[in-house]
Trainee: 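Let me begin by handing over the structure; questions about it come next.
So you know, we letter chains A, B, ... as the sequences are listed, proteins then strands, and number each from 1. Only this structure's heavy atoms are used, side chains among them; waters, hydrogens and symmetry mates stay out.
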Amino acid sequence: MISFEKSEAIAQMQYLIQTVADNMMRPYSRHFDEQEGEIPWEYINFMHTAMKQMGAASLVPQPEKEGEVKEKKGQRQAYQLMAYTIEMLSWGDAGMYLCTPRGGLGSAAIEAAGTPEQKAKFLSRLNGDDPIFTAMAITEAQAGSDNSAIQCRAVLDEATQEWVLSGEKIFITAGHKAFVDTKGFIVVWATIDPDAGRAGIRSFVVEAGAPGATITKKEKKLGIRCSDTVTLTLDNCRVPFENILGSPTVEPSTKGFKGAMETFNVTRPLVAASALGVARAALEELKRILAEQGVEIRYGLPRQKMTNIEREVVDMERMVRSSWLLCLKAVWMSDNRMPNSLEAAMSKLHAGEVVTKVTQKAVELLGPMGYSREFLIEKWFRDAKISDIYEGTGQINRLVAARQLLGYSGKELR
Amino acid sequence: MISFEKSEAIAQMQYLIQTVADNMMRPYSRHFDEQEGEIPWEYINFMHTAMKQMGAASLVPQPEKEGEVKEKKGQRQAYQLMAYTIEMLSWGDAGMYLCTPRGGLGSAAIEAAGTPEQKAKFLSRLNGDDPIFTAMAITEAQAGSDNSAIQCRAVLDEATQEWVLSGEKIFITAGHKAFVDTKGFIVVWATIDPDAGRAGIRSFVVEAGAPGATITKKEKKLGIRCSDTVTLTLDNCRVPFENILGSPTVEPSTKGFKGAMETFNVTRPLVAASALGVARAALEELKRILAEQGVEIRYGLPRQKMTNIEREVVDMERMVRSSWLLCLKAVWMSDNRMPNSLEAAMSKLHAGEVVTKVTQKAVELLGPMGYSREFLIEKWFRDAKISDIYEGTGQINRLVAARQLLGYSGKELR
Amino acid sequence: MYSFQPDEEQQMLIDVTRRLAANDLRPAAHEAEEHGEIPVSLVAKGWELGVLQASIPAEFGGFGERSALTSVLALEELAYGDLAGALAMMVPGLFAIPVLTAGTEEQKSTYLPAIAEGAWTPWSAALIEYQFDFDPQDLHTIARPDGGDYLISGEKRLVPFATEAKTMLVYANLDGQTQAFIVDAKADGVTVGEREQLMGINALPLYSIHLDSVRIPKANRLGGEAGHDFGALLSAMRIGISAAAIGVARASFEYARDYAKEREVLGSMIAQKQSIAFMLAEMATEIEATRLMIWEAAWLLDQDNPDAERAAYLAYSGAVDMAMMVTDRGVQILGGHGYIREHPVELWMRNGRGIASLTGLAIV
Amino acid sequence: MYSFQPDEEQQMLIDVTRRLAANDLRPAAHEAEEHGEIPVSLVAKGWELGVLQASIPAEFGGFGERSALTSVLALEELAYGDLAGALAMMVPGLFAIPVLTAGTEEQKSTYLPAIAEGAWTPWSAALIEYQFDFDPQDLHTIARPDGGDYLISGEKRLVPFATEAKTMLVYANLDGQTQAFIVDAKADGVTVGEREQLMGINALPLYSIHLDSVRIPKANRLGGEAGHDFGALLSAMRIGISAAAIGVARASFEYARDYAKEREVLGSMIAQKQSIAFMLAEMATEIEATRLMIWEAAWLLDQDNPDAERAAYLAYSGAVDMAMMVTDRGVQILGGHGYIREHPVELWMRNGRGIASLTGLAIV
C-alpha cells in the first residue's frame, strides 16, 4: 500500500536531531569553517554520549539477525531513520555531520563484510568511554573513480602471518580523526593479487598507531572544512592476519568486489540525504530572508503570472522535495532488502545536482548578501558541491544508472 | 578591427527578403503545413525569377576565381549574406525556405568538388526558364550519422564506361522536387571500393529520369512539412562516367572524404542561421502577443525584481542573439577562408538547442493559445526541432567540437 | 510508515490498464491522431475496465471508493498507450469526480448512477479559456446571480466531446472564486463552436463553447448554495494531467531506450555512447522523481491533507518540464527517425508540450 | 562590415596582458586569496601595462582614446590570470572612466592627470549596497540638495581599497535617479567600516562605508549641475564585470580540459569519455557565445549606440549564468581534486558565482 505517512519514530528522531542541529551545530558553523582543522569536540562528545545512551553503535543501522527478517517485513525503517538523521544533521552543518563519531564508513564496511569475531573486536570499541572514529580508504591518486585499478598492495608474510601493506590512499574522510585524534581505525582497500584485477581486491582494518602507517597530508578544501580529508601512506605497514575482511585467497569470481560495490547502494542514498539537508537549509534561509523583506511566495499561480523569484523558489522546492522522495524510496528499498542499485544511483545523481543548483540559486538570489561570509548561504554553496563528487561523481552515477536501465555490463557501457 | 557594423549589402538583402517572407511565405505557412505534399509553386517561381534577375545561381555563394582572392581580403561577405538570407527566409517559413529552387546542397557539392566542365554542365541548368531543384543523398537506413559506413555501391562498367549505382538513400531533402517535380539532379554518395572505407567514398550526379533510380517513399514529418523528404532507390542505376565528382580511383588518403566533410563547415552555420530565423519568429510573435495583452518587458532590472515572463523573454533574447553571433562568426570565417570546423560545429549545436528551447518556451508561455493551430507558434515549435537533428545532430556536433578543442582524432574520441 | 508498493488491487488495475494500453491504445494511436478520430469501440473498451466506476461508491451505482492515488496509477498506464485515447476514455470523470467529491446529495444521486451504470457517454466539463496567462483560479467566464438563478457568459475552449455531451460542468468566475455549474448543453445561450485544431491530441474531439447569458438554476451550482472548494478540484485536475504526463514520458523513454539499444553506428549501439546513455539515465531519473511527487500529492489529496494543494501544484509544475524534457530527448535520440511520423516519439513530443496547457482535461 | 579580428594594437595589448596573467597574476593568486592580500608590486606591475592610461587622452595625461572594446579584451586576459588581481589593478578606472566619460572639463582636468601620470593609487568607487535585490538604478543611499550642496546618507558595501583611497565616487539616489558624486574620503560623516569577508576575491581589499549626511559641494556631482547619464556608466560596469567573467571561465575551461587530457581511468583519458568531452564542448561554446555578446555590447557603447544599454544588460545576464555553469563544471571535471584548494578550479567557482553580485567593481 503506497503511503507517505511519516512514522512516529522518524518524526521523533527529526525533532531530536533538529535540537542538536539548532544548538550544537548552527551556532558553530562559521567558526569551524574559518578555523579549518579545528575539531568540534563538543559536538563529538555530545553525540558520542547521546548515541551510547540510545544504544546506537553508529549512525549506520546494524543488520538484523537472520531470524528476525520474516516478522519485520514491511516494518523495517532503519535506513529511512538514518536518511532522516543525516538529512537533519547536514541541515545543521554538513561538515560537522561528517565529524559524527562511532559510525562512519569504516564501521559500515565491517558490518557488511566482517566475521562475527571481527565485528565483536572492532565494533565494540565504538562503545567505549571516549569517542572514536572509523574511516575508509579507497581512492588512490592514479585510480580516481576506478576502484578496480587499485595499486595498494597487501602481501602475506607467511612467517609472521601478517599482512604487509604498501601504497598511498588519498581523500580519506575523517582519517585524521580515526588515526590521530582518536584510537580508531581505517579500512583500507588493497589488492592481494595485482594480476587478478577486481577479484584480488580486499579490505583490511588498519588500526590507529599501526607501524608503517602515517597520515601524510591534510587537504584544504572548498567546503566541509570542519571534516578532515587526509592522505594515508602505508610503508610496509603490518596488520594481523585476522584484520582482512572476507576471504584471504583470490576467488575466481569478483563476488568480493561486487559485494564491496554494493555498499554503494546503501551509502549513495545517504550522501543524497546529506545533500538534501544542505539544500533544505539554503532554501529555508532564502525564504526566511525573503519573508523578512516582505517578499511573499504565492503558490498556485500559472507561470505567466509569477514573479521571477516565485518561479525560482517554487522550482527549488519542487527539486528538493522530488529529490527527497527519490532518496526515501532508495532507503526504503534497502530497508526492505530490494535490489536498489538503480534507485541508489538515481537518488545520488539527482540530489548532487539539486543541492548544487539550489545553493547556487540561493547565493545569487540574495545578491551581495548571498556572497558574503556574514551569512551561511555562501558556506552551504561550498559545502554542497562535495555531494556531486564523493561516493561517485554525478557522471559515475549516471553510468551506473544507465547500465541498470539498459541491462549493460561495465564493459558494454564504459 | 572588431566590428559589428552591418554592411549596406546585408541590410538591403534583409529588407528584400523580409518582403518576400511577409508576402510570399507567412500568409501561406499554415496552408502548406496542413496540405503536406503540396508544392509552393508560387514561391518557387517567384524566387526562381528573382534570383535569375539578380544573377544569383543559387543561395550558395559561388567561390571567387583564383585571382580575385587577394584583392578582396576582408571584404568578402558572400556567406554572411547567405546566412542573413536564410535566417530571414526561415523567419518567413522554414519549410518553404527548403523549397527555394536552384540552390540546395546538390549544387553546393558540385561547386565544391566539381570540375569546370561539371560546373558548366550541371550548374548552368539552374538558370533555365523553369526552376529546378538539386538535392544531396547521403544517409542510409543503417548508417545514420556515420557517413563513412556508406553501403551504396558504384561500380564502373568498363564496357560502357558508365557507373552502375545500387543502394538506398533516405532522408533526402527536396529529393522529390529535384527528381520528380522538376528536371534537377541528386548528388548521391556511394563507395567505389567498400574495403577502402572513407577513401572509397565518392559522389555522383544522378539526373532526374536516370533509369533505375526511383523515389520510393515520401516521409510524413513532425514539421517543415512543406519540404519533401524522400527515399531514393538505386537499382543498377546507370550514370555517365563524367558524373563522378572528384577522382575516379581510390586514393591512399581520405582527402576526398575529408573534403566532403569540410562542406559541413559551410552548411552547419547555415543550418544554424535557419534555426535562428525560426527562433526569432517565435520570439517576436511572443513579444507581439504579450504587448497586445499589455505585458511590457522591462530591461535592466536585477533578476530579483523581474516577473517570470520578463526573465523568460530576456533569456530568450540573449540566447538568440548570442547564437546569432556564433553563426555570424562562423560564416565570417568561411568568407575569410579561415579553418572553422570548431566554430561551425559550435554554431550549429548552439543554435539547434536555442531554437528548440525558444520555441518550447514560446508555446508554453502562450498557454492554450500556444498549443493551438490558430497561431503559427506551434508550427515553429515543430519546424524548430529539425535544426537540432539534420546536418549532424547536436550530439554529433558536440563530438566534432570536442575533437577540435581537445586535439583528438575520430578514433581518440568516438 | 512509508511505502512505495502498490497494494494488490492497485497492482491488478495497473496490470489491466497496462495491457489495454499496449494491446489496444498504442496500436490505434497513430491512425487516430492522423485522422483526428478515436474508434468508439476503443473508448468503450477502456470504459469497461471500470477505472472511474471503481471510484464511485455502490450507493451511486459504482463499486468502490474514490482514490486519487489509484487513479494516478491507472492514468499513467493509459496515457502510456496514448494520451488522447486515455483522456477520451476518462472524459466522463471530468463530470463525475467533481460531482462525487463536491456535489450535493441530490446532485450525486441524480447524475452518478447514470454515469456509473451505463456505457461510456460523454459527460463533459469546460474549464479552459484562451488567455496566454490562463489561470483556473481567475476565469474570464463570469457567473452572476440573477433572481434565483445564475447567468453565465463567456468563451470556453478545448471542451471534450462538446457536440455529443448532454450535460457538462462549466467553470466560471463567481465573485472572484471559480465555481462549477451543471449546464444543459441544450440550454439557451449555449453554442458549440468549431472543432479545435491543436498541435497534439487531435484524436480527442475538442470544441469551443460560447455561453451567452446562459441561465443556470441555483440547484445546479456544484455543491448547492454553499458552493464548493475549487482548490481541491484543481489539485485533482493538476494531479490527473501530471499522471498522464508520466505515461507519455515513460512511453517516449522506453521507445528511445529500445531504439538506442538496436541502433548501430560504427560497430557499437548508440546506447553504448555515454552521451545517449546519460540522456536516458536523466530521463528515467526525472520520470521517477516526478512520479513520486505526483503519488505524494495524490496521497495527500486522499487524506484531505491541507498540504495537498501545494503538493499538487509543485508536482504539476515538475510534470510540465519533465514531460517536455523527456519527450524532446526521445525525438533527439532517434535523430532523423524521430522527426518522421512513422515513429511515435514525435507525437509524444507534441503531446508532451501540451501538458503545460491541458489542465482541466483529466482529473483523479 | 563585420569583423571578429582584433586590430594590431588590440592584439599587442592582448599579448602583454596575457603574459602578465600567466607569469605574474596566476602564480600569485592562491597565496593572495588564502592570505587576503595581493602583493603591491604585482598591482604596480599590472598598472604599468597602461591599460587604463591608454584610455585617457593625452590632454589629460594619458596616451589614447577610451575604447570599451579594447578594455574588454584586456580585462578578459587579466581575469584569466586572477579575478581579484585584475580588479585590483584596474581599481583606479572605477573613478577615472566615469570622470572621463561623464565628468565636466574641470573634473577631468582636476583628476585625470593625477591618475594617469602617477603610479597606481587607489581611486575608488562605491556602488554596491546590501539589498538582496540590489538595483544600481534604485539605490538606498540618498543624495538630497541642501543649500548649494548635496547631503548623502547611506551604507555602501564592497568598496575597494576604501581605507587607502583619498577620493572616491559615491553613487547615490537623487530624486529617483542614480548619480555619482566625488567624495573626499576624509569628509565629515564618512566612516570606513570593517574589511568585507566574502566567498571569493578575498585578495581584493573591500570595505563597507557609512555615509552620514556627508556634505558634497555642488561642483562634485559628476557632470556638474546637469549630472550625467548613469545608464551608460552602468552598461560600462556590466560589460566590465562580464569581460572579467569570461576570463575566469576560460581559465577554468582550459584547466579542466588539460586535466581531462592527462587523467587516465581504465586505460583511457577522461577527456575521451563523451560525458566529459561534451561538457567541455558546451563550456567552450557558451564562453564564445557570451564573449561575442560582450564584444558587441562594448562596440555599441563605443559607438554611443542607443542599443548599447540593452546589449550590455543581456550580455551581463548571460555572463552571470555562463560563469557559474563553466566554473562549476571545472570543479566537476576534476572531481575530488576539484574540491581541494591545491587546484585553482574551486577558487574560480567561488569567483564565478560572484559575477552575479559584483557589478560596480569593474568598468570599461
Trainee: Within the 4.5 Å heavy-atom criterion, are C:E342 and B:K220 side-chain neighbours or not?
Mentor: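 No; the side chains remain at least 4.5 Å from each other.
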Trainee: I'd like to know if the side chain of B:Y371 reaches the main chain of C:R350, judged simply by a donor and an acceptor atom lying under 3.5 Å from each other, with no hydrogens or angles considered.
Mentor: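 Such a contact is found between B:Y371 side chain and C:R350 backbone.
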Trainee: What distance separates B:I309 CD1 from C:F132 CZ, expressed to the nearest 0.5 Å?
Mentor: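 Between atom CD1 of B:I309 and atom CZ of C:F132 there are 4.5 Å.
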Trainee: Nearest heavy-atom pair of B:P368 and C:F134: which atoms, and what distance?
Mentor: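 Scanning both residues completely, I find the closest heavy atoms to be CD-CB, 3.9 Å.
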Trainee: Give a yes or no on this: more than 12 heavy atoms of other residues, nucleotides or ligands lie within 6.0 Å of atom CD of C:E37.
Mentor: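 No, because the 6.0 Å sphere around CD of C:E37 holds 12 heavy atoms or fewer from other groups.
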Trainee: May I ask you to name which of C:E129, C:E196, C:Q131 has the most heavy-atom pairs under 4.5 Å with chain B?
Mentor: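 The residue among C:E129, C:E196, C:Q131 with the greatest pair count is C:Q131.
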Trainee: Could you give the distance from CE (B:M369) to CD1 (C:I128), rounded to the nearest 0.5 Å?
Mentor: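 Here the interatomic distance stands at 13.5 Å.
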Trainee: Measuring only between side-chain heavy atoms, which start at C-beta, is C:E194 closer than 4.5 Å to B:E374?
Mentor: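 Answer no - side chains too far apart.
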Trainee: Is any side-chain heavy atom of B:T356 closer than 4.5 Å to one of C:D328?
Mentor: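 They are in side-chain contact.
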Trainee: Do any N or O atoms from the side chain of B:Q395 and from the backbone of C:I276 form a donor-acceptor pair under 3.5 angstrom?
Mentor: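 Such a contact is absent between B:Q395 side chain and C:I276 backbone.
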Trainee: Which distance, rounded to the nearest 0.5 Å, do you find between the NE2 of C:H337 and the CD1 of B:I170?
Mentor: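 Interatomic distance, C:H337 NE2 to B:I170 CD1, rounded to 0.5 Å: 4.0 Å.
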Trainee: Do B:R373 and C:N202 have side chains that approach each other closer than 4.5 Å (heavy atoms only, starting at C-beta)?
Mentor: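 Heavy-atom side-chain distance check passes, below 4.5 Å.
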Trainee: I need the residue from C:G200, C:A356, C:S275 with the largest number of non-hydrogen atom pairs under 4.5 Å to chain B.
Mentor: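 Of the options given, most contacts go to C:G200.
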Trainee: Is it the case that over 12 heavy atoms from other parts of the model lie below 6.0 angstrom from the NZ atom of B:K357?
Mentor: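 No, not enclosed.
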Trainee: Of the non-hydrogen atoms in B:L222 and C:M349, which two are nearest, and what is the gap between them?
Mentor: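 Between these two residues, the closest heavy atoms are CD2-CE, 3.8 Å.
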Trainee: Is any side-chain heavy atom of C:V331 closer than 4.5 Å to a side-chain heavy atom of B:D388?
Mentor: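 Of all side-chain heavy-atom pairs linking B:D388 with C:V331, none is under 4.5 Å.
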Trainee: Less than 4.5 Å apart, side chain to side chain, heavy atoms only: is that true for C:R341 and B:E36?
Mentor: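 Result yes, sub-4.5 Å side-chain heavy-atom pair found.
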Trainee: Which region of C:Q274, side chain (C-beta onward) or backbone (N, CA, C, O), has a non-hydrogen atom less than 4.5 Å from a non-hydrogen atom of chain B, or is it both or neither?
Mentor: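 No part of C:Q274 comes within 4.5 Å of chain B.
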Trainee: How long is the span from the OG1 atom in B:T393 to the CD1 atom in C:I333, to the nearest 0.5 Å?
Mentor: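 Between atom OG1 of B:T393 and atom CD1 of C:I333 there are 10.5 Å.
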Trainee: Quick one: OH on C:Y130 to CZ on B:F375, what's the gap to the nearest 0.5 Å?
Mentor: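 Between atom OH of C:Y130 and atom CZ of B:F375 there are 7.5 Å.
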Trainee: Please name the residue in the list B:Q360, B:R382, B:E378 that meets the side-chain contact (heavy atoms from CB on, under 4.5 Å) test with C:R353.
Mentor: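 By the side-chain contact (heavy atoms from CB on, under 4.5 Å) criterion, C:R353 pairs with just one of B:Q360, B:R382, B:E378: B:Q360.
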Trainee: Using heavy-atom distances under 4.5 Å, tell me whether B:L365 contacts chain C through its side chain, its backbone, both, or neither.
Mentor: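 Looking at B:L365, just its backbone touches chain C.
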Trainee: With a 4.5 Å cut-off on side-chain heavy atoms, are B:K221 and C:E346 touching?
Mentor: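 Result no, sub-4.5 Å side-chain heavy-atom pair not found.
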Trainee: Which residue out of C:I340, C:I270, C:L358, C:L158 racks up the most heavy-atom pairs below 4.5 Å with chain B?
Mentor: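 Among C:I340, C:I270, C:L358, C:L158, the one with the most close pairs to chain B is C:I340.
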Trainee: Should C:Y339 and B:I224 count as side-chain neighbours, where that means a heavy-atom distance under 4.5 Å?
Mentor: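 Yes, close enough: below the 4.5 Å cut-off.
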